[in-house]
Amino acid sequence: MKAAMWQGISNITVGDVPDPWIVNSQDAIVKVTLTAICGSDLHLYNGLVPSMKKGDIMGHEFMGEIVEVGPGVKERKVGDRVVVAFPIACGACFFCRRELYSLCENSNPNAGMAEKMFGHALCGIFGYSHLTGGYAGGQAEYVRVPFVDIGTIVVPEQLSDEQVLFLSDIFPTGYMAAEACNITEGDTVAVFGCGPVGQFAVRSAFLLGAARVVAVDRFEYRLAAARRAGAETINFEDVDDVNDVLKDMTGGRGPDACIDAVGMEAHEPGAGAVYDYLMQTLRLEQDRAIALRQCILSVRNGGTVSIPGVYGGYADKLPIGSLMNRAITTRTGQTHVQRYLPRLMGHIERGEIDPGEIITHRVPLEQAAQMYQIFRDKQDSCLKVVMTPQNPSYT
Ligand SMILES: [Zn+2]
Ligand SMILES: [Zn+2]
């Protein structure tokens, strides 16, 4: 089969690899009908996530048709059309029973590697380095899906692939980030970063009852997409201090919650950015936590900072004094996607949100290399790329 593979920094190739096969009894094989490039794939592309190996198959956002199931699969069958959740979770362990699926303790065969880096292990994730299990990803014609009963949701016939694909990651990720803000009536939520996750954080904050959402970014096309969803916007390159603008907009108090939908590769003008860039390049600092710093400094006293943006290691110059003295709550975590699937599918079925509206680029899987570069470099107003594999018949 064909698959998009990591070959090194800024180097993705599409080539032939062996078809996947059933390894464990609760596995299924899914014929991928639609897959997407995620902002967090760019951290792999840019070489900022350790433990990638040449030839690793990329992709954790995908959906398709089940073509084979293992003998232990109970709830899914060949022919089912499913969206796959990006965290791999067993559904039965201490964490899964508490619906903390991205902390599953049974899905990461390389748990020891993650323990060394983070103190504790993480769940397995499709196509996201050997720290998270070294699983082959879904930017491919076929993929092995472990624990398929718990890790997928069946798609109602009347919904298109484009309407539901983002249940795999970015819609639940934006939603969990907004839910973590404990939004109550009249709240103002600021969303830093208007990439795909930021877009879903904006939309989810409104679904959860926010009165106002302020979206912050530096790219006009991304701010425009946030405005289409009802957000007010700030282009941080056009203002002296985002914090001052947010205060002006909120009666001097600051937003009730701030969402960092940027993560470790943030951009800012000025000397701080040079410092962080040098520290990160010299490997003295792994994460450029510029958006997170801004979220902490901007949120109102006693407010919440929610962090869906991906970080990998250690960050520098975190304003812990502001965080402590102003009684700020922080919430974070890889998304417990499985927990949100039925609820968010309901929002889509009722027409309350159309996730596919953020797609700007539709290409065959063969063009993966070029699309990674275009998406990373924010060319061609690229907000979200979906790719269609060819799917020759599975044997
Ligand atoms: Zn993703
Ligand atoms: Zn589990």
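Throughout, residue positions are numbered sequentially from 1 according to the sequence presented. Whatever order the structure lists them in is the order used to number ligands and atoms, beginning at 1.
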Nearest to the Zn ion (ligand 1), which N, O or S atom of [X] do we find?
X: D169; answer: OD2
X: E61; answer: OE2
X: H60; answer: NE2

Can you tell me the angle formed at the Zn ion (ligand 2) by SG of C93 and SG of C96, to 10°? 110°

Quick one: the SG of C90, the Zn ion (ligand 2), SG of C104 angle, rounded to 10°, please. 100°

Near the Zn ion (ligand 1), is there an N/O/S atom from D41 that is less than 2.8 Å away? no

Backbone or side chain, does C123 get an N/O/S atom under 2.8 Å to the Zn ion (ligand 2)? no

ring-ring contact (aromatic ring centres under 6.0 Å, His included), paired with Y45, selected from F375, W6, Y372: Y372

Check this for me: does any side-chain nitrogen of one of R81 and E65 sit under 4.0 Å from a carboxylate oxygen of the other? no

Is R76 paired with D149 through a side-chain N to carboxylate O contact shorter than 4.0 Å? no

Just checking, any donor-acceptor pair under 3.5 angstrom between side chains of T388 and R362? no

Determine, for F94 and R98, whether the Lys NZ or Arg CZ falls below 6.0 Å from the six-membered ring centre while staying within 45 degrees of the axis. yes

Do L223 and F219 belong together in a cluster built from hydrophobic side chains that touch within less than 4.5 Å? no

